[in-house]
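For reference, the structure is listed below as structure tokens.
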Amino acid sequence: MKLNVKLLRKGIMGLSIACASLIMLGTGPVEAKGPVPAVKTEVKQTSLTEARINAVLKEAYEKFKNDQGGKNADYIKALAEVDSKIFGITLVTPNGKVYEIGDTKAEVSIQSISKVFTAAKVMQEKGAKFMQEKIGVNATGLPFNSIMAIELHKGSASNPFVNAGAIQSTSWVKAKDSKERWAKIKQNMDDFAGKKLNFNKAVYDSEVNDNKRNQAISKLLDAYGRMGSDPLEATTVYTKQCSVNISSHDLGVMAATLANHGVNPETGKKVLDKPLVPKLLAIMATAGLYDNAGDWLYLAGAPAKSGVGGGILAVVPGKMGIGVVSPPLDPYGNSVRGQKAAAYIIDKLGINPLAQ
Ligand code: GLU
């Protein structure tokens with residue numbers, strides 16, 4: 001009799017487990033009165049439907065396309081000649097889905113946004129600690145081409161996104177000579193974009209004859225013993241990297257590579273080690289939009305980087321890469337429509353990383 005009760009209990013338990021398994025297998029997270037996290041995940045996914053993303057993208061484009069604010073950079077002559085009407089927005093998800101509108105194939109020079117990828121290369125080769133100790137990861141609070149900032153910080157460039165830190169980063173990319181250094185930097189940008197990016201010779205010619213201030217910066221850093229290669233050679237390679245052309249589409253893919261933890265969503269190639277991505281994004285959050293980076297972060301909450309060519313990329317980790325091109329700039333050097341469109345999209349899609 002005792003044995004029968006035990007057997008019966010075992011039978012009932014077995015049956016219950018089998019039934020529970022069947023319910024779980026058969027119904028999935030939609031119908032099962034499942035745990036709270038499954039429901040939460042689903043809510044987030046529905047808010048980022050394709051229809052919603054397309055609607056917000058169109059809204060942003062329509063809202064800002066006639067915005068006349070800002071003006072093209074003119075301290076590099078070739079930049080003043082770029083069509084200031086260009087306006088393209090591209091969103092790329094970490095699984096490679098592309099949403100875009102406007103002049104998404106129109107190319108401008110990448111300028112300062114190139115600093116992100118050269119910094120990434122240096123971090124990949126030398127590690128996060130090297131970046132922090134040798135170049136720095138703090139805001140300067142001064143313009144991007146400030147010489148005073150170097151003096152104030154006792155020879156430290158402060159971060160890789162001001163010209164001083166960017167030229168320094170370029171100098172630290174491992175290479176036997178400047179030809180190889182340039183080839184590696186260009187290949188790295190191509191890997192982030194998933195294509196061979198064009199080189200803008202007109203911008204390069206215009207800038208290389210007019211970059212005496214950057215030469216002075218590199219010489220000063222050299223005097224402080226902070227350069228990894230010949231300062232003038234590094235300045236020339238830096239000028240080349242700024243003269244690479246990008247479209248909003250290219251910026252979207254490059255941003256999505258960072259949103260996808262360092263793996264290009266289109267090619268599947270890993271271009272930056274996953275643990276280095278949040279380090280790089282932290283510098284973007286601190287100093288990505290020149291000395292107005294704090295206001296940008298306060299507004300949008302997403303790490304971003306802009307360039308005086310009119311491009312801007314913003315990264316929403318795990319969710320979205322955003323690329324915008326629109327040449328007219330605000331007084332800090334940030335694309336006016338680019339900032340407005342990216343901030344609008346982040347807000348309307350509810351993907352501000354600091355609000356998650
Ligand atoms: N090539 C530009 C310079 O060095 C880049 C500036 C920028 O986009 O902030 O002046």
Side-chain angles (χ1 to χ4, degrees), residues 70-82 84 107-119 135 139-150 157-171 182 185-186 189 197 199-221 231-246 250-251 254 283-284 286-293 296 304-314 323-336 338-339:
K71 70 186 225 345
N72 284 29
D74 54 10
Y75 76 100
I76 298 166
K77 288 178 195 72
L79 300 186
E81 286 153 23
V82 176
S84 52
E107 296 182 356
V108 297
S109 54
I110 190 168
Q111 297 296 339
S112 227
I113 305 171
S114 67
K115 295 168 179 174
V116 172
F117 308 105
T118 302
I135 298 175
T140 64
L142 288 163
F144 69 97
N145 56 0
S146 173
I147 287 174
M148 196 165 74
I150 305 170
S158 291
N159 71 67
F161 299 159
V162 289
N163 284 10
I167 298 168
Q168 219 190 324
S169 292
T170 301
S171 79
W182 161 237
I185 287 172
K186 173 65 169 49
M189 282 198 269
L197 296 164
F199 183 72
N200 191 327
K201 192 167 177 316
V203 167
Y204 175 71
D205 288 345
S206 167
E207 193 168 353
V208 83
N209 292 316
D210 208 10
N211 65 354
K212 299 205 169 41
R213 189 177 182 88
N214 285 340
Q215 292 179 9
I217 286 172
S218 72
K219 284 278 199 182
L220 182 58
L221 287 168
L232 296 185
E233 233 174 66
T235 307
T236 303
V237 175
Y238 162 78
T239 307
K240 278 187 183 159
Q241 77 179 44
C242 289
S243 308
V244 166
N245 263 1
I246 40 81
D250 300 327
L251 288 179
M254 293 166 114
I283 315 173
M284 288 168 70
T286 305
L289 265 70
Y290 303 105
D291 39 334
N292 204 39
W296 163 261
K305 183 74 196 87
S306 58
V308 294
I312 180 167
L313 63 73
V324 190
V325 166
S326 170
L329 310 176
D330 69 10
Y332 297 99
N334 301 309
S335 167
V336 171
Q339 290 174 89

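Remember, it's a predicted structure, so these values are computed and weren't measured experimentally. Every number for a ligand or one of its atoms is a count from 1 in the order of the listing.
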For atom 5 (C) of ligand 1, closest protein heavy-atom neighbour:
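Here the nearest protein heavy atom works out to Gln111 OE1, 3.3 Å.
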
Can you tell me which residue and heavy atom of the protein come closest to atom 1 (N) of ligand 1, and the distance to 0.1 Å?
Glu207 OE2, 2.3 Å

Within ligand 1, which atoms have a heavy atom of [X] less than 4.0 Å away?
X	result
Val308	6 (C), 7 (C), 8 (O), 9 (O)
Cys242	1 (N)
Gly307	8 (O)
Tyr238	1 (N), 2 (C), 3 (C), 4 (O), 5 (C)

Euclidean distance, Lys115 NZ relative to Ile167 CD1, rounded to 0.5 Å
8.0 Å

Establish, for the pair Lys305 and Phe117, whether the NZ or CZ atom is under 6.0 angstrom from the six-membered ring centre and no further than 45 degrees off its axis.
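Geometry flag: not set, cation outside 6.0 Å or 45°.
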
Give the single entry among Tyr290, Phe161, Tyr75, Phe144 that approaches atom 9 (O) of ligand 1 most closely by any heavy atom.
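Among Tyr290, Phe161, Tyr75, Phe144, the closest heavy atom to atom 9 (O) of ligand 1 belongs to Tyr290.
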
Sequence neighbours left out, what passes salt bridge (Lys or Arg N to Asp or Glu O under 4.0 Å) with Lys212? Give chain and number order.
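For Lys212 there are no salt bridge (Lys or Arg N to Asp or Glu O under 4.0 Å) partners, ignoring immediate neighbours.
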
Heavy-atom distances under 4.0 Å decide this one: backbone, side chain, both or neither, for [X] against ligand 1?
X	value
Asn163	side chain
Asn214	side chain
Ser112	both

Do Leu313 and Met284 have side chains that approach each other closer than 4.5 Å (heavy atoms only, starting at C-beta)?
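When only atoms from C-beta onward are counted, Met284 and Leu313 do touch, with a gap below 4.5 Å.
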
Taking ring-ring contact (aromatic ring centres under 6.0 Å, His included) as the test, write out the residues that go with Tyr238, two or more places apart.
none

Please determine, by modelled atom types, if Asn145 and Asn163 share a side-chain donor-acceptor pair under 3.5 angstrom.
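Judged by distance alone, the side chains do not pair up.
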
Do Thr118 and Ser169 pair up side chain to side chain, a donor and an acceptor below 3.5 Å, judged on atom types alone?
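There is no such pair between these side chains.
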
